[in-house]
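Below: one structure in structure tokens.
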2 protein chains.
Amino acid sequence: MYSVAVEDYLKSLWKLGPNNVGTKQLADNLRVSKASATKMILRLAEKELVDHIPYKGASLTKKGELEALSIVRKHRLLETFLSQTLGLGREEIHDEAEILEHALSKNLEMAIADYLGNPTRDPHGHPIPGPNGELYNETDLPLCDSPINMSLIVMQVPDDDPSILSWLENNGIHPGTILKIISRDKFDGGLNVKIGEVKKRISSSIASLVKISFEVEN
Amino acid sequence: MYSVAVEDYLKSLWKLGPNNVGTKQLADNLRVSKASATKMILRLAEKELVDHIPYKGASLTKKGELEALSIVRKHRLLETFLSQTLGLGREEIHDEAEILEHALSKNLEMAIADYLGNPTRDPHGHPIPGPNGELYNETDLPLCDSPINMSLIVMQVPDDDPSILSWLENNGIHPGTILKIISRDKFDGGLNVKIGEVKKRISSSIASLVKISFEVEN
DNA sequence: CACTTATATTAGCCATGGCTAACCATTGTA
DNA sequence: TACAATGGTTAGCCATGGCTAATATAAGTG
Ligand SMILES: [Mn+2]
Ligand SMILES: [Mn+2]
Ligand SMILES: [Mn+2]
Ligand SMILES: [Mn+2]
């Protein structure tokens with residue numbers, strides 16, 4: 001239906017939204033020049049996929065949002081499939097899914113969702129939108145803002161930086177990991193945490209990318 | 001590496017080759033105009049993927065052939081994967097693979113081949129080239145040219161016409177089917193065959209697309 | 001050999017989606 | 001309030017890969 005470029009723009013707009021997304025922000029996210037982003041925004045507005053207020057920004061229309069969610073669903077289902085079925089590591093799957101998502105028919109999307117038992121989270125813990133764009137409310141909190149001395153369960157890790165993901169993996173931090181914040185460094189915001197009996201230090205930049213919930217969820 | 005268009009042109013040139021492939025033949029195969037095919041042939045020659053003799057035709061260079069075989073391998077591995085793992089029917093897989101083949105990294109290709117146990121035939125019985133383009137010699141024969149009253153084993157069915165494939169499937173004809181030609185119609189070349197105890201009639205146009213070998217291969 | 005037909009190429013148009021360079025708007029700070 | 005910095009847009013270029021129409025070549029026929 002839509003080109004690879006259009007689909008990637010919609011996905012970025014969704015990720016950066018829902019408010020007016022600036023041209024520079026969008027261009028940086030897609031590693032494209034500002035001029036290219038402006039041109040594409042005009043084309044997306046033409047197709048009624050975004051509303052554009054010149055010098056203000058662009059935001060997805062309902063139509064654009066549904067299209068974006070469809071790509072996000074494909075992306076996350078593919079990541080889950082690559083991880084569970086083909087055994088790829090959490091740090092390898094994002095880049096593959098970034099390409100494959102544009103080649104997956106609705107039919108195959110359904111077949112994969114079915115094969116996987118309709119998962120609701122991908123291997124990074126990101127929620128997988130439903131077949132019609134349904135997305136439940138996000139309640140996970142950034143680890144960096146979480147209270148000290150409580151049992152926390154890691155719910156989400158970032159998906160697009162293999163080096164951060166490898167570091168997390170090597171330190172036993174992934175969705176499902178249970179940990180406790182021992183102390184928070186007053187200067188740089190770094191965290192001293194305990195995973196099982198092992199103590200680790202997590203920098204504040206990484207801690208802001210990890211999301212948790214409180215244990216005893218069920 | 002190469003664009004979707006370039007990859008599809010190389011694949012068609014391989015399928016129609018190995019001799020000089022005419023512009024019209026190529027254009028028809030890809031459902032583009034002759035002008036588009038000419039233009040692309042010139043670009044492929046520029047990239048040293050084909051040799052082009054004006055008004056004679058184009059043929060793949062070694063480099064082009066290896067590239068084509070890589071796409072054919074991806075295509076056939078994907079068909080096998082879609083069939084075996086996701087349970088898609090033999091008539092659905094070709095069109096999906098035609099798109100996915102361009103989105104499959106070398107890494108994923110290897111993971112899938114490994115997962116499937118390095119198959120040598122796809123669900124249509126087509127040989128799957130090796131990771132470096134190795135392709136064993138083809139010994140299967142067209143059913144239409146095969147002798148009467150011998151036990152034949154179906155080795156290959158066509159892959160790109162869902163209606164023919166559905167007909168074959170509904171009549172129990174697919175790779176592995178054992179059959180015997182009872183008689184050949186002198187006028188239209190149609191075949192009367194026996195599959196188990198059941199008699200069927202196969203038109204000559206379909207019989208020319210099905211390939212067999214003689215039973216007792218091992 | 002001349003002429004028709006099929007095949008092939010060229011010329012020139014278009015949409016897409018990149019780019020740089022130049023210019024315009026908004027905003028925060030002096 | 002002026003004006004630099006930042007962000008946004010426009011103009012104009014390019015490659016890719018389609019298209020049609022016009023022209024050129026090759027092959028077969030009388
Ligand atoms: Mn993508
Ligand atoms: Mn993910
Ligand atoms: Mn293809
Ligand atoms: Mn096949």
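Because the structure is a prediction, the values reported are computed rather than measured. Each chain gets a letter, A, B and so on, in the order the sequences are listed, and its residues count up from 1.
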Legend entry - Those residues that, when tested against A:Thr177, pass side-chain hydrogen bond (donor to acceptor under 3.5 Å, both in side chains) (two or more places apart):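 For A:Thr177 there are no side-chain hydrogen bond (donor to acceptor under 3.5 Å, both in side chains) partners, ignoring immediate neighbours.
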
Legend entry - B:Asp188-B:Ser204 side chain donor-acceptor pair, cut-off 3.5 Å: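 Note: B:Asp188 and B:Ser204 side chains miss the donor-acceptor criterion.
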
Inset, instruction - Verify whether one side chain among A:Lys200 and A:Asn171 offers a donor that lies under 3.5 Å from an acceptor in the other. - result: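 A:Lys200 vs A:Asn171: donor-acceptor pair found between side chains.
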
Inset, instruction - Sequence neighbours left out, what pairs pass ring pair (Phe, Tyr, Trp, His ring centres under 6.0 Å) with at least one residue falling in residues 79-115 of chain B? - result: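 Those involving residues 79-115 of chain B are A:Phe81-B:Phe81, B:His75-B:His94, B:Phe81-B:Tyr115.
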
Inset, instruction - Flag the pair B:Asp28 and B:Lys34 as a salt bridge only when some basic side-chain nitrogen lies within less than 4.0 angstrom of an acidic carboxylate oxygen. - result: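 Salt bridge flag = no for B:Lys34 with B:Asp28.
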
Legend entry - Letter per nucleotide, 5' to 3', of nucleotides 4-19 of chain C [B base touched, S only sugar-phosphate touched, - untouched; heavy atoms, 4.0 Å]: ---BBBB-----SBBB

